[in-house]
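Here the structure comes first, spelled out in C-alpha cells, and everything after it is commentary.
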Amino acid sequence: MSFSKMAVLISGRGSNLAALLEHQHKGDLYVDIAFVGSDNPEAKGLEIASSAGIKTILLPYERGKVFAENCLIEALEKHEVEWIVLAGFMRILSSRFVERFYGKTVNIHPALLPAFPGAHGIEEAWNYGVKVTGVTVHLVDAGVDSGPILAQEPVRVLEDDTLATLEKRIHQTEHELYWRTLRDLFAGTLKPRKRRTL
Ligand code: GRF
C-alpha cells in the first residue's frame, strides 16, 4: 500500500485533524501529510500539527484571496500534494482554485447535506427541530457545501439532547467518518458520483 500525499486546511480547533493524525499513527490511514495550512494564525489546530512534527503554513488572506490561494497553490505544487483535505477551513475557495483541484479537494460538514449548508449546520438543524441530522463528506465544488457527496452518517437527535450533547455526538461521528472515507477515496474503492438529477 503506497502513501497518499495530502495537505490539511484548518481555521480553528483542529479536532478533525487530530482524529486523522490518530488514525494515521494507528496505521489505519496511509497518508503523508505534507503540511497543515491555516488562514488563522490563532488556530488551535496549528499547535496539534506542530506537536506532531508537521509543517504548518499561514495563508495570508489579509493580502486578499488571490494572493493567499496563490501561496497555497505554490505550496501544494512544491510538495507534490495530491489531496487537499478541508477540516474546519472557514474560507470559500475561488472557482479558479476549485476547478484546478476538482476531484482532489474534500470537505467535511456537520449536517446531512443538502440540508443546513454553511457555517452553522449543527445549530441550524437543532433550531429547526430535526429528529435526525448527521455528517457529510463531499468533494468541494465552487458552491458552498454543494459538491458530490462521498459519505454520510446520520446522527439521531435524542429527547434529552442539548445543543452541546448533540454537537459532541456529531463531532465523534465526524472523527470516525472522515478517516474511513478518505481511506476508501485514496484507495480508489470509493468513486465519487454525480447527482442523478439537479
Ligand atoms: C467541523 O464540525 C467540520 O465539520 C466543520 O468545521 C468543524 C471543524 O471542527 N467543517 P474542528 O476544527 O475539526 O474541531
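In each ligand, atom 1 is the first atom listed, and ligand 1 is the first ligand listed. Only this structure's heavy atoms are used, side chains among them; waters, hydrogens and symmetry mates stay out.
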Min N/O separation Ile108 to ligand 1 under 3.5 Å: yes
Within 45° cone of Phe97 ring axis and under 6.0 Å: Arg100 NZ or CZ: no
Within-shell test, Ile10 vs ligand 1, heavy atom, strictly < 4.0 Å: no
Cationic N near anionic O, under 4.0 Å, Glu74 to Lys78: no
Shortest protein heavy-atom distance from atom 9 (O) of ligand 1, along with the residue and atom involved: Arg13 NH2, 3.6 Å
Closest protein heavy atom (residue, atom, distance) for atom 12 (O) of ligand 1: Gly14 N, 2.8 Å
Under 4.0 Å to a heavy atom of Gly88 - the qualifying atoms of ligand 1, by number: 6 (O), 8 (C), 10 (N)
Contact with ligand 1 for His171, non-hydrogen, under 4.0 angstrom: yes
Closest protein heavy atom (residue, atom, distance) for atom 3 (C) of ligand 1: Glu174 OE2, 3.1 Å
Nitrogen or oxygen atoms of Ser15 and ligand 1 under 3.5 Å apart: yes
Met6 vs Glu82, side chain to side chain contact (heavy atoms under 4.5 Å, CB included): CA-CA, chis, key distance, verdict: CA-CA 6 Å; Met6 71 184 209; Glu82 193 188 353; over 6 Å; no
Verify same cluster id: Leu163, Val130 (apolar side-chain graph, 4.5 Å): yes
Ring center gap for Phe116 and Tyr128 short of 6.0 angstrom: yes
Joint hydrophobic cluster, Phe186 plus Leu190, side-chain heavy atoms closer than 4.5 Å: yes
Proximity flag Gly45 to ligand 1, non-hydrogen atoms under 4.0 Å: no
Heteroatom distance test (Ala87, ligand 1): nitrogen or oxygen, under 3.5 angstrom: no
Axial cation check for Tyr61 ring with Arg91, 6.0 Å and 45° limits: yes
